[in-house]
Protein chains: 2
Amino acid sequence: MPPKDFISALEVAQRAGVSRSAVSRTFTPGASVSAETRKKVTDAAEALGYHVNELARGLMRSHSGIVCLIVSDVATPYRSALLRELTGKLQNAGKVAMLINTDRSDGSVDRALSQAIRYRADASIILSGLPDASIVRLCLRNGQRLVLINRDDDEPGPLKINLDDFEAGERIVTAFARAGCKSLAFANSDAGTPSLMGRERGFVAAATRCGLEVSVERYGWTGYEAGRVLAQRFLTRSRRPDAVFCATDLLACGFMDAARHQFGISVPDQMCIAGFDDIEQASWLSYGLTTFAQPVAEIAAKTVGWLSVDDNGNDNGLQSVRLTAELVWRTSIRAA
Amino acid sequence: MPPKDFISALEVAQRAGVSRSAVSRTFTPGASVSAETRKKVTDAAEALGYHVNELARGLMRSHSGIVCLIVSDVATPYRSALLRELTGKLQNAGKVAMLINTDRSDGSVDRALSQAIRYRADASIILSGLPDASIVRLCLRNGQRLVLINRDDDEPGPLKINLDDFEAGERIVTAFARAGCKSLAFANSDAGTPSLMGRERGFVAAATRCGLEVSVERYGWTGYEAGRVLAQRFLTRSRRPDAVFCATDLLACGFMDAARHQFGISVPDQMCIAGFDDIEQASWLSYGLTTFAQPVAEIAAKTVGWLSVDDNGNDNGLQSVRLTAELVWRTSIRAA
DNA sequence: GCAAGCTTTGCACACGCTTGCAAACAAGCG
DNA sequence: CGCTTGTTTGCAAGCGTGTGCAAAGCTTGC
């Protein structure tokens with residue numbers, strides 16, 4: 001197989017009998033080409049299998065069409081759902097998604113952003129971790145847009161999208177109270193991210209305000225296994241809680257499974273459970289988890305919309321978006 | 001904020017007091033630079049916040065470092081797990097992943113490949129759908145490598161990675177037989193992909209060979225909901241199967257949930273269930289699903305390994321890899 | 001028929017980088 | 001010291017594209 005390089009605009013031009021600028025303009029929306037030459041060009045391009053070289057194009061224009069998605073734990077239900085929405089909407093907006101995995105190590109996000117710069121990405125969307133302020137400034141200085149999702153940074157410049165975590169924590173307390181629960185518990189990961197802590201603080205605040213007993217445990221990462229461990233901790237106590245709010249649906253699934261299958265507890269009769277995210281599994285028959293829904297579609301829409309506003313124009317003052325997580329009722333909290 | 005363009009190698013060169021070539025060579029592994037000038041260059045680069053422009057670099061070199069992942073239904077547990085492995089290993093190999101979502105519409109994969117060409121990707125990995133032969137040839141002709149995962153095409157050129165689906169179907173029959181099951185069922189999606197059909201054919205073949213009763217239903221897409229519908233179909237029959245092999249873990253979860261919660265069937269006492277993929281949920285306490293494990297790590301390793309063999313050298317004859325899916329035993333099939 | 005206005009087209013430069021080539025330089029050897 | 005060999009370094013020619021500028025072509029109105 002001869003690794004003959006790609007067809008260039010020059011070859012198309014020669015075959016079509018026009019100048020190279022003509023073929024360039026043919027593939028540039030809004031450029032001035034007569035219908036006749038356009039036809040000649042597209043025909044030749046078709047015949048030769050010509051495809052514009054976006055790398056070269058990105059070299060000339062200041063934008064590449066690339067948007068970096070910086071994320072850890074891609075395989076997690078909530079993360080992958082958000083990924084689906086983002087990539088889909090980005091494609092519809094004519095952008096292309098570059099996926100960068102981070103781990104939880106230090107500097108991981110910084111390395112990702114550095115890659116975004118090397119590929120001259122138009123924007124970076126950060127779903128996990130928090131980058132160093134200096135590299136954030138570097139990105140912004142070069143016209144790269146930044147979106148922080150659920151990251152709660154207050155540096156000006158990036159668009160910040162956050163949920164009403166604190167209020168959700170409060171709201172679920174009243175739901176538990178209405179179900180007649182007296183002894184509340186919050187099962188958290190010890191990752192300590194602002195979203196998780198916001199939910200916790202709202203929950204504890206509302207519980208004490210209502211005069212309800214409340215206790216908190218934190219363990220591991222926000223996954224199923226951690227939920228089981230947390231159940232172990234809460235359910236081997238002398239006095240068990242009768243309502244537990246898990247910081248994450250995955251935690252909730254693990255917690256519920258342990259409660260039912262290892263401790264023989266009946267949910268929601270003996271214990272009410274709620275989660276956060278509304279991952280697909282929350283709706284499965286085995287769980288029927290009452291939970292707060294992350295508005296992933298809306299998050300993605302807001303993000304991509306902000307990226308698509310006119311470049312040359314005003315920086316439209318939007319700096320921060322706050323969305324509310326709706327509580328979707330299923331069967332893990334008993335009726336009042 | 002002044003959209004002052006990115007720092008170029010020229011500016012670094014001027015500040016360092018060397019030629020532009022020197023800074024280029026400093027960032028090109030294996031190029032000839034003295035330790036002294038390298039130091040001057042890296043210092044200047046650091047001070048100025050210089051980052052190599054990979055777009056321009058990809059214009060010169062014949063490879064861009066970009067690898068396209070073409071996939072539909074990213075948010076699915078198996079798909080996202082594979083995605084995690086692939087992106088991780090690609091990054092370790094110094095490549096960068098470009099994610100392209102496809103839907104199930106016609107030409108969707110072709111459009112994705114066309115984008116891969118426009119960005120001069122070094123390779124494309126296709127996890128969903130099957131591209132048109134003509135565009136495959138176009139990719140290959142231009143030195144773009146292609147990997148088809150579980151797609152079962154026989155065009156020469158791409159690397160094809162497949163599982164022993166047929167054999168898995170056979171193996172699970174003997175497991176069912178050993179558990180004393182008499183009436184077998186296969187719950188499939190009607191997507192009709194080669195992997196799914198392979199599992200079905202292997203299952204049916206082995207069952208009839210063993211003289212066991214066997215019936216097949218196909219419905220919808222390979223998700224949880226389809227599993228519930230399939231359960232409905234099988235379990236409202238006059239004669240219920242006592243063992244069902246689901247083409248996919250998601251189908252199995254839906255099936256099992258419906259069987260237990262809607263039909264009050266006890267698994268595995270009254271009915272044995274097996275799945276395929278070994279998604280995370282299969283190991284959750286509520287399911288304990290006995291299933292075949294997709295060797296995602298191995299698939300990713302084989303893929304990235306193949307992409308990393310020396311370009312200039314031989315095309316190393318490898319064209320097709322066949323991996324085996326190990327059966328992982330849990331509790332959804334009763335012991336013999 | 002001519003001037004004015006608009007559209008189309010080609011030229012040529014720029015984008016930021018890599019790399020072959022040859023000059024410059026350093027070192028080893030008789 | 002001269003010759004040879006090996007290492008650095010700068011020059012300049014690209015890579016494939018977009019786009020300003022001016023020339024050319026076409027249309028319109030008088």
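A, B, ... follow the sequence lines: proteins, then strands. Residue 1 opens every chain.
Contact annotation for A:Thr37: backbone-only contact, meaning every heavy-atom pair under 4.0 Å involves sugar-phosphate atoms and none involves a base. Among the heavy atoms of the strands lying under 4.0 Å from A:Ser32 is at least one base atom, whether or not backbone atoms are also near.
Counting only distance, with no hydrogens or angles, the side chain of B:Ser128 and the backbone of B:Ser72 share a donor-acceptor pair below 3.5 Å. Remark: side-chain polar atoms of B:Lys89 are not paired, donor with acceptor, to backbone N or O of B:Thr87 under 3.5 angstrom. A donor-acceptor pair is defined here as one N or O able to donate and one able to accept, closer than 3.5 Å; such a pair exists between the side chain of B:Thr26 and the backbone of B:Ala22. The backbone N or O of A:Ser24 lies less than 3.5 Å from a partner atom in the side chain of A:Thr28, making a donor-acceptor pair.
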Notebook entry, point to check: Yes or no on side chain to side chain donor-acceptor pair (under 3.5 Å) for B:Ser64 and B:Glu54, after CA distance, side-chain angles and deciding distance?
Noted result: CA-CA 7 Å; B:Ser64 59; B:Glu54 296 284 350; over 6 Å; no
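Salt bridge present: B:Asp122 and B:Lys95 bring a charged side-chain N and a carboxylate O closer than 4.0 Å.
Two rings, from B:Phe6 and B:Tyr50, have their centers 6.0 Å or more apart.
Side-chain contact between A:Ile126 and A:Leu113 is present, with at least one heavy-atom pair separated by less than 4.5 Å.
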Check the interface with nucleotides 14-19 of chain C: list each N/O to N/O pair with the protein under 3.5 Å, or write none.
unit_1, atom_1, unit_2, atom_2, d
C:dC17, OP1, B:Tyr50, OH, 2.5
C:dC17, OP1, B:Asn53, N, 3.4
C:dC17, OP2, B:Ala9, N, 2.5
C:dT18, OP1, B:Arg57, NE, 2.4
C:dT18, OP1, B:Arg57, NH2, 2.7
C:dT18, OP2, B:Ser24, OG, 2.3

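Along DNA chain D, the stretch of nucleotides lying under 4.0 Å from any heavy atom of chain A spans, 5' to 3', D:dG16 to D:dG20.
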